[in-house]
Engineer: 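First, the structure itself, so that you have it in front of you.
Order of listing sets the numbers, starting from 1, for every ligand and every atom in it.
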Amino acid sequence: MQNEKRVATGIPGLDAMVNGGFLPRTANLVEGAPGTGKSTLGMQYIYEGARRDEPGIIFTFEEFPEQYYRDAASFGWDFRELERQNRLRIIMSSPEVTKADLENVGGTIQNLITEMGAQRMLIDSITHFEGLRQDPVESRKLMYGYLNALKRQDLTMILTRETTHLFGEGLEGQLDASIQFLADTYIMLRYVEIESTVQRAIVVLKMRGSGHDSTIRQYAIDAHGLKVLQPFEGQEGVLSGSPKRMTESFMKAFVRR
Ligand SMILES: Nc1ncnc2c1ncn2[C@@H]1O[C@H](COP(=O)(O)OP(=O)(O)O)[C@@H](O)[C@H]1O
Ligand SMILES: [Mg+2]
């Protein structure tokens with residue numbers, strides 16, 4: 001598995017954190033509060049794929065495709081043109097419709113994947129599943145079925161998941177074992193307050209079947225997209241949002257290998 005060709009995200013600094021890229025046919029979770037840059041990271045992954053002749057599909061349950069065209073354009077990415085070239089497709093749907101479609105051999109999604117030769121997918125976001133049924137167990141079942149159907153499609157996926165808390169406090173309680181189980185890679189985006197300024201932090205918490213960088217790094221979003229920067233130095237407890245807490249013990253508390 002270590003020698004299998006990696007799927008490079010093309011995001012500056014991120015590939016080095018994940019040993020060169022994602023493993024093929026994996027589901028890679030990116031989690032963070034609103035505005036941390038989950039959609040940006042996902043769109044950039046799809047955009048970089050399209051440029052490398054690895055077509056991609058963006059699935060959205062919440063935002064209209066228009067929003068993606070606009071956001072992408074603000075980074076200089078012409079998603080409409082990529083769609084014309086059949087390297088990209090943005091699909092807005094409901095989880096139920098998508099799941100039913102995936103369960104049919106020769107359904108529209110499967111046909112689209114084949115026709116485009118799609119290799120990448122962004123699902124923005126899986127948070128939508130969580131409130132879909134009164135019973136959280138039922139919601140989770142739906143998500144399981146859905147992701148499993150997608151995993152059979154030979155795609156390398158990014159799933160985004162929104163958390164409500166802005167900083168790190170209370171993190172441990174938010175981690176859902178079943179979601180961790182589904183995801184092959186778990187990437188966290190966090191706001192961090194250091195000396196009265198808010199900074200952005202990224203960490204790869206796990207990567208199934210692969211080594212990875214486990215330092216907490218800064219990242220920035222500018223007119224070209226997202227880029228990963230240097231590690232936070234001498235900032236114990238960065239992830240908790242309170243530099244007084246020890247990163248070490250925090251990491252130990254919730255990284256289960
Ligand atoms: N062109 C841009 N230049 C700089 N920052 C941008 C640009 N477009 C968006 N951003 C920043 O990216 C963030 C939005 O990221 P987004 O991917 O929508 O977050 P999420 O999906 O996690 O809610 C915001 O913090 C916004 O300030
Ligand atoms: Mg978003």
Engineer: Against ligand 1, does Gly42 come closer than 4.0 Å with any heavy atom?
Structural biologist: no
Engineer: Just say parallel, tilted or perpendicular for the rings of Phe59 and Tyr146, cut-offs at 30° and 60°.
Structural biologist: perpendicular
Engineer: Does Ala223 reach ligand 1, in the sense of a heavy atom lying below 4.0 Å from it?
Structural biologist: yes
Engineer: Inside 2.8 Å of the Mg ion (ligand 2) but strictly below it, how many protein N/O/S atoms are present?
Structural biologist: 1
Engineer: Quick check: Gly37 and ligand 1, any N/O pair under 3.5 Å apart?
Structural biologist: yes
Engineer: Determine, step by step, whether Arg84 and Glu81 satisfy the salt bridge (charged side-chain N to carboxylate O under 4.0 Å, His left out) criterion, reporting the C-alpha distance in whole Å, the side-chain angles of both residues, the deciding distance to 0.1 Å, and the verdict.
Structural biologist: CA-CA 5 Å; Arg84 273 191 288 273; Glu81 178 56 26; 3.1 Å; yes
Engineer: Counting both backbone and side chain atoms, is some N or O of Tyr191 under 3.5 Å from an N or O of ligand 1?
Structural biologist: no
Engineer: Of all the heavy atoms in Glu31, does at least one lie under 4.0 Å from an atom in ligand 1?
Structural biologist: no
Engineer: Quick one: does Asp71 get an N or O within less than 3.5 Å of an N or O on ligand 1?
Structural biologist: no
Engineer: Among protein heavy atoms, which lies nearest atom 27 (O) of ligand 1, and at what distance?
Structural biologist: Arg200 NH2, 4.1 Å
Engineer: Show which atoms of ligand 1 fall inside a sub-4.0 Å distance from at least one heavy-atom site of Pro34.
Structural biologist: 23 (O)
Engineer: Between Arg120 and Tyr45, is there a donor-acceptor pair closer than 3.5 Å when you use the side chain of the first and the backbone of the second?
Structural biologist: yes
Engineer: In Å and rounded to the nearest 0.5 Å, what is the CG to CG distance from Leu147 to Leu142?
Structural biologist: 9.5 Å
Engineer: OG1/Thr215 to CE/Met17 distance, rounded to the nearest 0.5 angstrom?
Structural biologist: 5.0 Å
Engineer: Phe75 heavy atoms, cut-off 4.0 Å: which ligand 1 atoms fall inside?
Structural biologist: 1 (N), 2 (C), 7 (C), 8 (N), 9 (C)
Engineer: Begin with the C-alpha distance, continue with both residues' side-chain angles, and end with the deciding distance and a verdict on side chain to side chain donor-acceptor pair (under 3.5 Å) for Glu48 and Gln44.
Structural biologist: CA-CA 6 Å; Glu48 290 295 333; Gln44 197 165 350; 5.1 Å; no
Engineer: To the nearest 0.5 Å, tell me how far Leu23 CG sits from Asp184 CG.
Structural biologist: 8.0 Å
Engineer: Under 4.0 Å from a heavy atom of Thr40: which atoms of ligand 1 are those, numbered in the order shown and with their elements?
Structural biologist: 15 (O), 16 (P), 17 (O)
Engineer: Which atoms from ligand 1 have a heavy atom of Asp222 less than 4.0 Å away?
Structural biologist: 2 (C), 3 (N), 4 (C)
Engineer: To the nearest 0.5 Å, what is the distance between CD1 (Ile221) and NZ (Lys227)?
Structural biologist: 11.0 Å
Engineer: With a sphere of 6.0 Å drawn around CD of Gln134, does it hold more than 12 non-hydrogen atoms of other residues, nucleotides or ligands?
Structural biologist: no
Engineer: Once side chain to side chain donor-acceptor pair (under 3.5 Å) is applied, do any residues pair with Ser139, and if so which ones, sequence neighbours excluded?
Structural biologist: none
Engineer: Please state which part of Arg161 comes within less than 4.0 Å of ligand 1, counting heavy atoms only: side chain, backbone, both or neither.
Structural biologist: neither
Engineer: Starting from atom 11 (C) of ligand 1, what is the nearest protein heavy atom, named by residue and atom, and what distance separates them?
Structural biologist: Ile221 CG2, 3.9 Å
Engineer: Out of Ser125, Ser39, Gly35, Ala72, whose heavy atom is nearest to atom 23 (O) of ligand 1?
Structural biologist: Gly35
Engineer: Enumerate the atoms of ligand 1 whose separation from the nearest heavy atom of Ala33 is less than 4.0 angstrom.
Structural biologist: 22 (O)
Engineer: Under 4.0 Å from a heavy atom of Thr36: which atoms of ligand 1 are those, numbered in the order shown and with their elements?
Structural biologist: 19 (O), 22 (O)
Engineer: Distance only, no hydrogens: is a donor on one side chain within 3.5 Å (strictly under) of an acceptor on the other, for Asp15 and Thr9?
Structural biologist: yes
Engineer: Mind checking the CZ-OG1 spacing from Arg6 to Thr156? Nearest 0.5 Å is all I need.
Structural biologist: 11.5 Å
Engineer: Can Phe75 and Tyr47 be said to form a ring pair (Phe, Tyr, Trp, His ring centres under 6.0 Å), step by step?
Structural biologist: CA-CA 11 Å; Phe75 297 116; Tyr47 173 73; 9.8 Å; no
Engineer: Taking the side chain from Lys38 and the backbone from Ala33, do they hold a donor-acceptor pair closer than 3.5 Å?
Structural biologist: yes
